[in-house]
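Structure first, then comments.
Nothing here was measured: the structure is a model prediction, and the numbers come from that model. Just so it is clear: chains get the letters A, B, ... in the order the sequence lines come, proteins before strands, and each one is counted from 1.
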2 protein chains.
Amino acid sequence: MQKKEEKNSIIEICPVRNVIARFGNKWAFLIILILNENKIVRFSELCRMIPDISSRVLSGTLRTLEADNLISRKVYPVVPPKVEYQLTEIGLSLVPLINMLTEWAQTNMKKIIAHREQFETNSNAE
Amino acid sequence: MQKKEEKNSIIEICPVRNVIARFGNKWAFLIILILNENKIVRFSELCRMIPDISSRVLSGTLRTLEADNLISRKVYPVVPPKVEYQLTEIGLSLVPLINMLTEWAQTNMKKIIAHREQFETNSNAE
DNA sequence: CGGCATCCAGCCGGATACTG
DNA sequence: CAGTATCCGGCTGGATGCCG
């Protein structure tokens, strides 16, 4: 199961990245933001709010976030099934950071993308 | 070159993630932090400071960061070659955010990992 | 020294189909 | 409704070797 036990340089062990890497995936930030705005959201609502995500990936992402206790999952034993997701306290405490990242990105976006395009043009031209 | 032109849902276009995704990779954060502490670092120094990274991946990551104007690359036309990397202003402006993320991770790390392990145990047991 | 070329394994995310 | 099962393509990251 865990085979990276050997590669224990200071950096590979570094638990910070271990933690951060979990929501560095494609959808985690967005899901956290949506849960923050809507407080309690059902699975199918998330599906509709993020049209590009497949239910397989959505459920996987939710599972990871739940495992890390960033979101909580509540199942109602009814038919048809009903499952609600919401942020935990830890998840909530992450929201301001995500917002700051988002603001930073919005602020610097234009310059970054412009520079990126120019950089690639130069690379190709050279 | 760019074939995702069609998939232009609100989210897929979302430029914020487009920007953030670039340093959501395995080494970017760490490199930015190292450059912040050492101001000016040569390629081989980075190699030594991050023993787990291959030179191929390191140079790729540096290139991406340079393309986005987060770091600058200065080549000295000497033999043997000498290349120095340092943060740009934009890169520098990102440092506080990374530090906050790091602090957040350090604060919540233990709880998160504990919860994760318990979660996985439950999943296997059930 | 600072890369790039090549090759390759593993994982991530997407499409589709099916189920309690 | 809320997933799981299966399959699969592509990208990321790692190992190695070469080159100006």
Self-check item: Derivation of the side chain to side chain contact (heavy atoms under 4.5 Å, CB included) call for Leu62(A) and Ile31(A)
Solution: CA-CA 8 Å; Leu62(A) 289 170; Ile31(A) 289 172; 4.0 Å; yes

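Nearest to the side chain of Arg56(B), among dA15(D), dG3(C), dG14(C), sits dA15(D). Of the listed nucleotides (dT4(D), dC7(C), dG2(C)), dT4(D) has the atom at the smallest distance from the side chain of Ser59(A). Checking dA15(C), dG13(D), dG3(C) against every side-chain atom of Asn25(B), the shortest atom distance belongs to dG13(D). Among dG13(D), dG14(C), dT4(D), the nucleotide with an atom closest to any side-chain atom of Lys26(B) is dG13(D). With dG14(C), dG2(C), dG14(D) as the candidates, the nucleotide lying closest to the side chain of Trp27(B) is dG14(D).
A donor-acceptor pair under 3.5 Å is formed between the side chain of Glu45(B) and the backbone N or O of Arg42(B). Side-chain atoms of Thr88(A) come within 3.5 Å of backbone atoms of Asn69(A) as a donor-acceptor pair (strictly under, hydrogens ignored).
Nucleic acid contact for Ser55(A): base, since at least one base atom lies under 4.0 Å from a heavy atom of the residue. Val57(B) comes within 4.0 angstrom of a nucleotide base, judged by non-hydrogen atoms across all strands. Across all strands shown, Arg42(B) has heavy atoms under 4.0 Å from sugar-phosphate atoms exclusively, and none from any base. Within 4.0 Å (heavy atoms only), Tyr85(A) reaches sugar-phosphate atoms of the nucleic acid but no base atom.
If you find the closest nucleotide of DNA chain C to Ser54(A) and to Pro81(A), the one lying nearer the 5' end belongs to Ser54(A).
Taking atom CD1 on Ile53(B) and atom C1' on dG3(C), their separation rounds to 13 Å, with Å as the unit. Between the CD atom of Glu84(B) and the C1' atom of dG2(C) there is a distance of 13 Å, given to the nearest Å. Going from atom CZ of Arg22(B) over to atom C1' of dC11(D) covers 14 Å, rounded to whole Å. At whole-Å resolution of the value, NZ in Lys82(B) and P in dC1(C) are 13 Å apart. Between Ile50(A) atom CD1 and dA2(D) atom P the separation is 14 Å, expressed in whole Å. Distance, Leu46(B) CG to dG3(C) P: 10 Å, rounded to whole Å. In this structure, Leu58(A) places its CG atom 10 Å from C1' of dA2(D), rounding to the nearest Å. The separation between Met49(A) atom CE and dA2(D) atom P is 14 Å, rounded to whole Å.
When the side-chain nitrogen and oxygen atoms of Arg63(B) are compared with OP1 and OP2 of dG3(C), none of them lie within a distance under 4.0 Å. At the phosphate of dC1(C), neither OP1 nor OP2 sits under 4.0 Å from any side-chain N or O atom of Ser44(B). For Arg73(B) and dG3(C), the shortest distance from a side-chain N or O to OP1 or OP2 is below 4.0 Å.
Between Glu66(A) and Phe119(B), the closest side-chain pair of non-hydrogen atoms falls below 4.5 Å.
Val79(A) and Val83(A) fall into different hydrophobic clusters, where Ile, Leu, Val, Met, Phe, Trp and Tyr residues are linked whenever their side-chain heavy atoms come under 4.5 Å apart, directly or through other members.
The aromatic rings of Phe43(B) and Tyr85(B) are tilted relative to each other, their planes meeting at an angle between 30° and 60°.
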